[in-house]
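Comments concern the structure below.
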Number of protein chains: 2
Amino acid sequence: MSKPYRISELASEFGITTRTIRFYEEKGLLTPSRQANSRLYSDSDRVILKLILRGKRLGFSLQESCEIIALYNPQQGNEKQLQVFLNKIQQKRQQLIQQQHDIEIMLQELKNSEQQCLAYLANKSNSA
Amino acid sequence: MSKPYRISELASEFGITTRTIRFYEEKGLLTPSRQANSRLYSDSDRVILKLILRGKRLGFSLQESCEIIALYNPQQGNEKQLQVFLNKIQQKRQQLIQQQHDIEIMLQELKNSEQQCLAYLANKSNSA
DNA sequence: GCCTTAGTTGACGTTAACGTAAACGGCAGC
DNA sequence: GCTGCCGTTTACGTTAACGTCAACTAAGGC
């Protein structure tokens, strides 16, 4: 148990506002403890926050990030429940792989534009 | 010049609504021609629509997708403008690479969860 | 005791990206 | 000539993810 974080610490560490952090709590994603009237965030709260922000960078909604975080914590259950769980994992995997492809193509297209641009610059400085 | 598309054709091809397509036009992303009172979409309209949807899958806003599409069409300009252009490309590239990393990690974590789940299932069927 | 500096709750405001509904035009088929 | 069906414009509605503001409390410094 390391020292807990205050809300402003997390906010500045991750470059978000305290309002945002409280909003995530309101949505049930974070469950900090209280000391007097102040919130205290544990390491695991911090991890969850990190996961949320990672999801955000990939364009996932809070709801989706929430589901993904749930996928990180396999719970025991009967065989059927575990199958549902495995299917969900598979779905997310497909989605992520699709994103990988999209990114590959975008990077290639950006590279093409860059090449054209550089060629034009080189040509220009040649003729100058 | 191939046969132009009607709005419902594009909608069903991409699995979106006609309202969405009209919305993109409203935002200036698409500029279909008109025949009488109907919209006619060209191949290039279709390409742009594809790019928008790709951006969406990666969590980009319409505004961002718009900027990325602009990056695909290098315009001539003076050296300074071209430098700005190259910088923007570089920025987007960094963002995409960050997303690649995020995806790698997520995929790994999903894999871990899957392994745990499978191990539990195997164990269970063993003891049965 | 007063001020400043976090922090709190509660409420209303805002923006993007569409959804939805109303009222209308045009044409193909019967 | 009426019925669908596809399309149009206009306009108001909706949801997510916060921003912003007000009014308040609790702790620490001088």
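Throughout, protein chains are lettered first and strands after them, A, B, ... in sequence-line order, and every chain is numbered starting at 1.
Judged as a side-chain hydrogen bond (donor to acceptor under 3.5 Å, both in side chains), and not counting sequence neighbours, the contacts of A:Gln108 are A:Asn112. In this structure, A:Gln116 has no side-chain hydrogen bond (donor to acceptor under 3.5 Å, both in side chains) partners at least two apart in sequence or on a different chain. Taking B:Glu13 as the reference, B:Arg46 meet the salt bridge (charged side-chain N to carboxylate O under 4.0 Å, His left out) condition, with sequence neighbours excluded. Evaluation of the side-chain hydrogen bond (donor to acceptor under 3.5 Å, both in side chains) rule for B:Tyr72 yields A:Glu109 as partners, not counting sequence neighbours. Scanning for side-chain hydrogen bond (donor to acceptor under 3.5 Å, both in side chains) contacts around A:Tyr5 gives A:Asp43, with sequence neighbours left out. Every residue was checked against the salt bridge (charged side-chain N to carboxylate O under 4.0 Å, His left out) condition with A:Arg22, not counting sequence neighbours, and none meets it. Remark: B:Asp102 pairs with A:Arg57 by the salt bridge (charged side-chain N to carboxylate O under 4.0 Å, His left out) rule, at least two apart or across chains.
At least one side-chain heavy atom of A:Leu62 sits under 4.5 Å from a side-chain heavy atom of A:Phe23. Counting heavy atoms from C-beta on, the side chains of B:Phe14 and B:Thr20 never come closer than 4.5 Å. Annotation: side chain of A:Arg54 is not in contact with side chain of A:Phe60 (no heavy-atom distance under 4.5 Å).
B:Gln63 and B:Glu67 are linked by a side-chain donor-acceptor pair at a separation below 3.5 angstrom, with hydrogens and angles left out of the test.
Proximity of residues 4-21 of chain B to DNA chain C (heavy atom under 4.0 angstrom from any strand atom) is restricted to B:Thr17, B:Arg19, B:Thr20. Listed in residue order, the members of residues 30-42 of chain B having a heavy atom less than 4.0 Å from DNA chain D are B:Arg34, B:Asn37, B:Ser38, B:Arg39. Only A:Lys56, A:Ser61, A:Leu62, listed by number, bring a heavy atom of residues 54-64 of chain A to less than 4.0 angstrom from any atom of DNA chain D.
Distance, A:Lys27 NZ to D:dC18 C1': 10 Å, rounded to whole Å. When rounded to the nearest whole Å, the span between CZ of A:Phe23 and P of D:dT20 equals 15 Å.
Partner of B:Ile97 under the side chain to side chain contact (heavy atoms under 4.5 Å, CB included) criterion, chosen from B:Gln95, B:Gln99, B:His101: B:His101.
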Atom pairs and distances, side-chain donor-acceptor, residues 27-38 of chain A, under 3.5 Å, sequence neighbours left out:
from    : atom 1 : to      : atom 2 : distance (Å)
A:Ser33 : OG     : A:Leu40 : O      : 3.4
A:Arg34 : NH2    : A:Glu25 : OE2    : 2.8

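When DNA chain C is scanned in the 5' to 3' direction for atoms under 4.0 Å from non-hydrogen atoms of chain B, the outermost contacting nucleotides are C:dA17 to C:dT20.
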